[in-house]
Peer 1: 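Supplied in structure tokens, the structure appears directly below.
Sequential numbering from 1 along the given sequence is applied to the chain's residues. Because only heavy atoms are used, hydrogens play no part in the values below, and waters and symmetry mates are left out as well, while side chains stay in.
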Amino acid sequence: DYLNTEQQQMVINFLYDLLKDFFYKEISFKNFEAIFYQEQSIAVSLNVSKPSLNHLDAQKIHWLLRCLKAKIISASWDVVANKIVVYNKKGHIIKSVYGISEDKIPPNKRKYIENLLKPLLSQLPEYLPN
């Protein structure tokens with residue numbers, strides 16, 4: 001509701017680039033983009049045990065999604081959990097990604113994600129919710 005098409009694309013591009021190292025199977029950008037626009041799209045499966053350039057883990061992914069939900073994503077946690085499924089190295093879904101409390105995430109991890117998001121958020125409208 002808050003972003004025009006170009007801004008939406010910018011967010012999707014950012015997330016694709018950030019999360020692509022974790023894809024269980026390679027996913028085309030088109031299929032990734034579909035989770036934002038098509039209700040019947042196939043969920044994206046992430047394996048947080050894979051190495052990534054941004055050193056993300058389940059808590060950082062939660063904080064990333066939480067920050068985006070506060071500003072951009074209007075979907076409920078249930079919808080997010082159905083579209084972005086996060087697994088550990090044993091192949092089990094990490095349910096805490098969708099419902100961990102803020103005080104369980106160390107301040108350094110929250111700050112890391114907030115810094116990671118700064119370049120993206122600086123290009124979006126200032127009137128977005130806080």
Peer 1: With side chains defined as the heavy atoms from C-beta onward, is the minimum distance between E102 and R110 less than 4.5 Å?
Peer 2: yes

Peer 1: For a quick test of reading the model, state the closest non-hydrogen atom pair linking Q59 to K109 and the distance between them.
Peer 2: OE1-NZ, 2.8 Å

Peer 1: Please find the pair of heavy atoms, one from N4 and one from E6, that lie closest to each other, and give the distance.
Peer 2: OD1-N, 3.0 Å

Peer 1: Mind checking whether Y24 and I42 sit in one hydrophobic cluster, side chains of I, L, V, M, F, W, Y counted as touching below 4.5 Å?
Peer 2: no

Peer 1: Enter the distance from S101:OG to H62:NE2 here, rounded to the nearest 0.5 Å.
Peer 2: 8.0 Å

Peer 1: Could you report the tightest heavy-atom contact between Y112 and N54, atom names first, then the distance?
Peer 2: OH-O, 2.7 Å

Peer 1: Between S45 and K25, does the side-chain hydrogen bond (donor to acceptor under 3.5 Å, both in side chains) criterion hold? Intermediate values first, please.
Peer 2: CA-CA 8 Å; S45 297; K25 297 178 187 174; over 6 Å; no

Peer 1: In this structure, would L53 and I27 fall into the same cluster of hydrophobic residues linked by side-chain contacts under 4.5 Å?
Peer 2: no

Peer 1: Assess K20 against F32: is NZ or CZ under 6.0 Å from the centre of the six-membered ring, and within 45 degrees of the ring's axis?
Peer 2: no

Peer 1: If you round to the nearest 0.5 Å, how far is NZ of K83 from CD1 of I73?
Peer 2: 12.5 Å

Peer 1: Looking only at heavy atoms, what is the nearest atom pair of L116 and F14, with distance?
Peer 2: O-CZ, 3.6 Å

Peer 1: Give the table of side-chain donor-acceptor pairs shorter than 3.5 Å for residues 89-99, with sequence neighbours excluded, one pair per line with atom names and distance.
Peer 2:
unit_1	atom_1	unit_2	atom_2	d
Y98	OH	I84	O	2.6
Y98	OH	V86	N	2.9

Peer 1: Using the rule given for side chain to side chain contact (heavy atoms under 4.5 Å, CB included), can you reason through L46 versus V85, listing the C-alpha separation, both sets of side-chain angles and the distance that settles it, and then say yes or no?
Peer 2: CA-CA 6 Å; L46 305 177; V85 183; over 6 Å; no

Peer 1: Check step by step if side-chain hydrogen bond (donor to acceptor under 3.5 Å, both in side chains) holds for E33 and Q38.
Peer 2: CA-CA 9 Å; E33 182 181 44; Q38 298 172 10; over 6 Å; no

Peer 1: Check the side chains of W63 and E114 for a donor-acceptor pair under 3.5 angstrom, ignoring hydrogens and angles.
Peer 2: yes

Peer 1: Between I61 and I113, is the side chain to side chain contact (heavy atoms under 4.5 Å, CB included) condition met? List the steps.
Peer 2: CA-CA 8 Å; I61 290 174; I113 292 300; over 6 Å; no

Peer 1: Is it the case that the side chains of N47 and S49 hold a donor-acceptor pair, with the cut-off being a distance below 3.5 Å and no angle test?
Peer 2: yes

Peer 1: Taking all non-hydrogen atoms of both residues, which atom of V48 and which atom of N88 are closest, and how far apart?
Peer 2: CG2-CA, 4.3 Å

Peer 1: Using the benzene-type ring in the case of Trp, are the ring centres of Y16 and F36 under 6.0 Å apart?
Peer 2: no

Peer 1: Is the charged tip of K69 near the ring of W77: under 6.0 Å from the six-membered ring centre and within 45° of its axis?
Peer 2: yes

Peer 1: Looking at Q7 and L3, what are the two nearest heavy atoms and their distance?
Peer 2: OE1-CA, 3.4 Å

Peer 1: Please report, to 0.1 Å, the donor-acceptor pairs under 3.5 Å made by any side chain of residues 117-124, with sequence neighbours excluded.
Peer 2:
unit_1	atom_1	unit_2	atom_2	d
K118	NZ	N115	OD1	3.3
S122	OG	K118	O	3.2
S122	OG	P119	O	2.9
Q123	NE2	P119	O	3.2

